[in-house]
Protein chains: 2
Amino acid sequence: MFVHNEYMTTEDTLKARRRRQQHPTKVALTRQGILEVALQILHEEGLSKVTMRRIATALDTGPASIYVYFHNTEDLHVQILDALLGQIEAPAATGGQWQNRLKALLTRYRDVLFAYPEIARMALSTRLSGPHYLALVDNALALLQEGGLPDRQAAWAIDLLLLYVTAVAAEQSTRQAAPSAAAEESALAFEVAAADPSRYPQIARLGDELLSGTGQSRFEWGLDTLLAGMLSSD
Amino acid sequence: MFVHNEYMTTEDTLKARRRRQQHPTKVALTRQGILEVALQILHEEGLSKVTMRRIATALDTGPASIYVYFHNTEDLHVQILDALLGQIEAPAATGGQWQNRLKALLTRYRDVLFAYPEIARMALSTRLSGPHYLALVDNALALLQEGGLPDRQAAWAIDLLLLYVTAVAAEQSTRQAAPSAAAEESALAFEVAAADPSRYPQIARLGDELLSGTGQSRFEWGLDTLLAGMLSSD
DNA sequence: ACCTGAACACCGTTCAAGT
DNA sequence: ACCTGAACACCGTTCAAGT
């Protein structure tokens with residue numbers, strides 16, 4: 001392999017140099033400063049790189065320092081998520097039916113989760129909290145009340161709706177993020193196509209129907225189905 | 001600290017000894033043998049300990065050996081999941097309405113995911129496959145057909161139902177598994193109770209309603225809501 | 001009081017070298 | 001052909017020691 005001598009430096013040195021260039025201004029070692037660096041790493045390299053050690057390196061300190069401000073990695077990730085939710089707070093106060101405004105709000109929530117592949121999965125496995133998350137819940141509850149849902153039903157409905165949106169995002173975003181996504185997709189299609197009709201008669205019968213539709217149309221159908229179910233018991 | 005001399009041995013040696021005792025019969029280095037060891041580790045220590053290195057150690061070899069039989073860690077985990085799904089294949093062929101039989105089948109699916117805390121989350125972030133998973137899908141589709149759902153709708157419905165069940169399991173099982181589950185639960189209750197009525201009027205108004213119900217009753221309500229929504233568009 | 005170096009106990013994956 | 005030791009490049013968390 002041909003090597004330019006002036007670039008003859010180890011991979012690690014190159015990486016360190018790149019990191020330093022990305023954070024030319026010294027970021028303060030505070031909760032805010034750490035979150036700032038964490039969000040930058042999230043944008044550039046994904047949640048899996050938002051590690052205690054990686055952040056500490058970016059801040060030119062040891063990993064132990066981060067523990068002064070965050071209990072553990074999960075705590076850090078939850079606070080990152082709430083910061084991201086700050087983008088979608090208020091629903092359009094007017095205009096259109098409550099159902100459509102609720103769907104728009106939930107779609108914006110989904111879009112945030114879509115934008116950061118691994119965050120959605122995190123959201124499912126951790127009890128969320130934080131001011132922006134509470135605002136999202138509150139706004140959605142207001143729309144359900146506007147729709148005339150009884151309190152108990154609205155309380156359970158918001159849980160179901162957010163669970164659905166989060167799960168869809170977790171499912172979808174993983175696949176588009178994974179480098180093997182295309183391969184997996186076709187593997188499923190192959191399995192459906194090759195399904196033995198005597199063992200799996202329904203899968204063989206339905207065939208391509210199982211793979212039909214875009215992510216968006218399925219997402220909307222799911223939301224409509226949930227809302228229809230919630231209203232049907234009135 | 002007082003130490004009995006006859007037990008003076010390092011932690012690592014003790015661990016190695018325990019592992020050896022757990023696998024007294026030499027397990028063959030084959031796909032089946034590896035899965036066998038993997039399932040045992042899953043039962044005893046949870047999915048997070050089902051690592052390439054851990055399995056290799058149990059089989060008295062290096063981690064590279066496992067890669068002869070499994071592409072990577074995800075591949076290994078997916079195959080473990082399919083083995084677990086083997087427990088719930090056939091629905092009761094007779095007896096009761098199709099809705100109730102479908103709910104029973106999905107509840108059994110949920111129970112499997114509940115029993116292994118981290119598997120449910122895995123199931124959400126990976127395209128599932130394998131004979132037992134296909135059987136589950138096929139059985140559920142048969143019940144939807146019995147209920148008279150049009151094909152396209154049944155195809156989308158099965159996706160939504162399995163997504164719901166998996167997400168519920170992922171959410172619930174994580175909390176019961178985490179050592180801090182109790183603390184988190186009360187932290188949420190506190191947050192709801194302390195919600196500023198001027199910032200979060202809906203949360204303050206609904207209060208305890210948001211935390212009402214058992215996991216089981218909420219799960220059933222969710223299934224009923226989904227089914228009602230699916231049938232309402234007929 | 002606040003911060004952190006160093007250590008402990010792990011990971012997944014690759015590849016050259018062995019049988 | 002099949003298998004694997006050793007290496008590479010990472011992790012989270014703790015704690016004794018520093019300022």
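Basis for what follows: all heavy atoms, side chains included, without hydrogens, waters or symmetry-related copies. In what follows, chains carry the letters A, B, and so on, assigned in the order in which the sequence lines appear, proteins first and then strands, with residues in each chain numbered from 1.
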Quick one, A/L162 and A/Y109 - any side-chain contact, counting heavy atoms below 4.5 Å?
yes
Report the nucleotide, chosen from [options], that has the shortest atom-to-atom distance to any side-chain atom of [X].
| X | options | answer |
| --- | --- | --- |
| A/T51 | D/dC3, D/dC11, C/dC3 | D/dC11 |
| A/R54 | C/dG12, D/dC3, D/dC11 | D/dC11 |
| A/L29 | C/dC3, D/dA6, C/dG12 | C/dC3 |
| B/N72 | D/dC11, C/dT13, D/dT13 | C/dT13 |
| B/T61 | D/dT4, D/dT13, C/dG12 | D/dT4 |

Give a yes/no on whether any side-chain N or O of A/S65 is located under 4.0 angstrom from OP1 or OP2 of C/dC2.
no
Which part of the nucleic acid, if any, lies within reach of A/Y69 when heavy atoms closer than 4.0 Å are counted: base, sugar-phosphate only, or nothing?
sugar-phosphate
Measuring only the P atom in each nucleotide, how far is C/dC8 from D/dA9? A whole number of Å is fine.
23 Å
Determine the Euclidean distance between corresponding C1' atoms of C/dA17 and D/dC2; express it in Å to zero decimal places.
13 Å
So B/W221 and A/W156, would you call those rings parallel, tilted or perpendicular, with 30° and 60° as cut-offs?
perpendicular
Euclidean distance, atom [atom1] of residue [X] to atom [atom2] of [N] [Å, nearest integer]:
| X | N | atom1 | atom2 | result |
| --- | --- | --- | --- | --- |
| B/R53 | D/dC11 | CZ | C1' | 12 Å |
| A/I55 | D/dT13 | CD1 | C1' | 15 Å |
| B/I66 | D/dT4 | CD1 | P | 9 Å |
| A/F70 | D/dT14 | CZ | P | 16 Å |
| A/Y67 | D/dC11 | OH | P | 12 Å |
| B/H77 | C/dC11 | NE2 | P | 11 Å |
| B/D75 | C/dG12 | CG | P | 14 Å |
| A/M52 | C/dT4 | CE | P | 14 Å |

So with a 6.0 Å cut-off around NE2 of B/H71, is the heavy-atom count from everything else above 12?
no
Nearest-0.5 Å distance, NZ of residue B/K103 to CG of residue B/L161
11.5 Å
Strand partner of C/dG5, provided both Watson-Crick or wobble distances fall under 3.5 Å
D/dC15
Indicate whether the side chain of B/Q216 and that of B/E220 have a donor and an acceptor atom separated by less than 3.5 Å.
yes
Find which nucleotide of DNA chain D each of A/K49 and A/A64 is nearest to by heavy atoms, and output the residue with the more 5' nucleotide.
A/K49
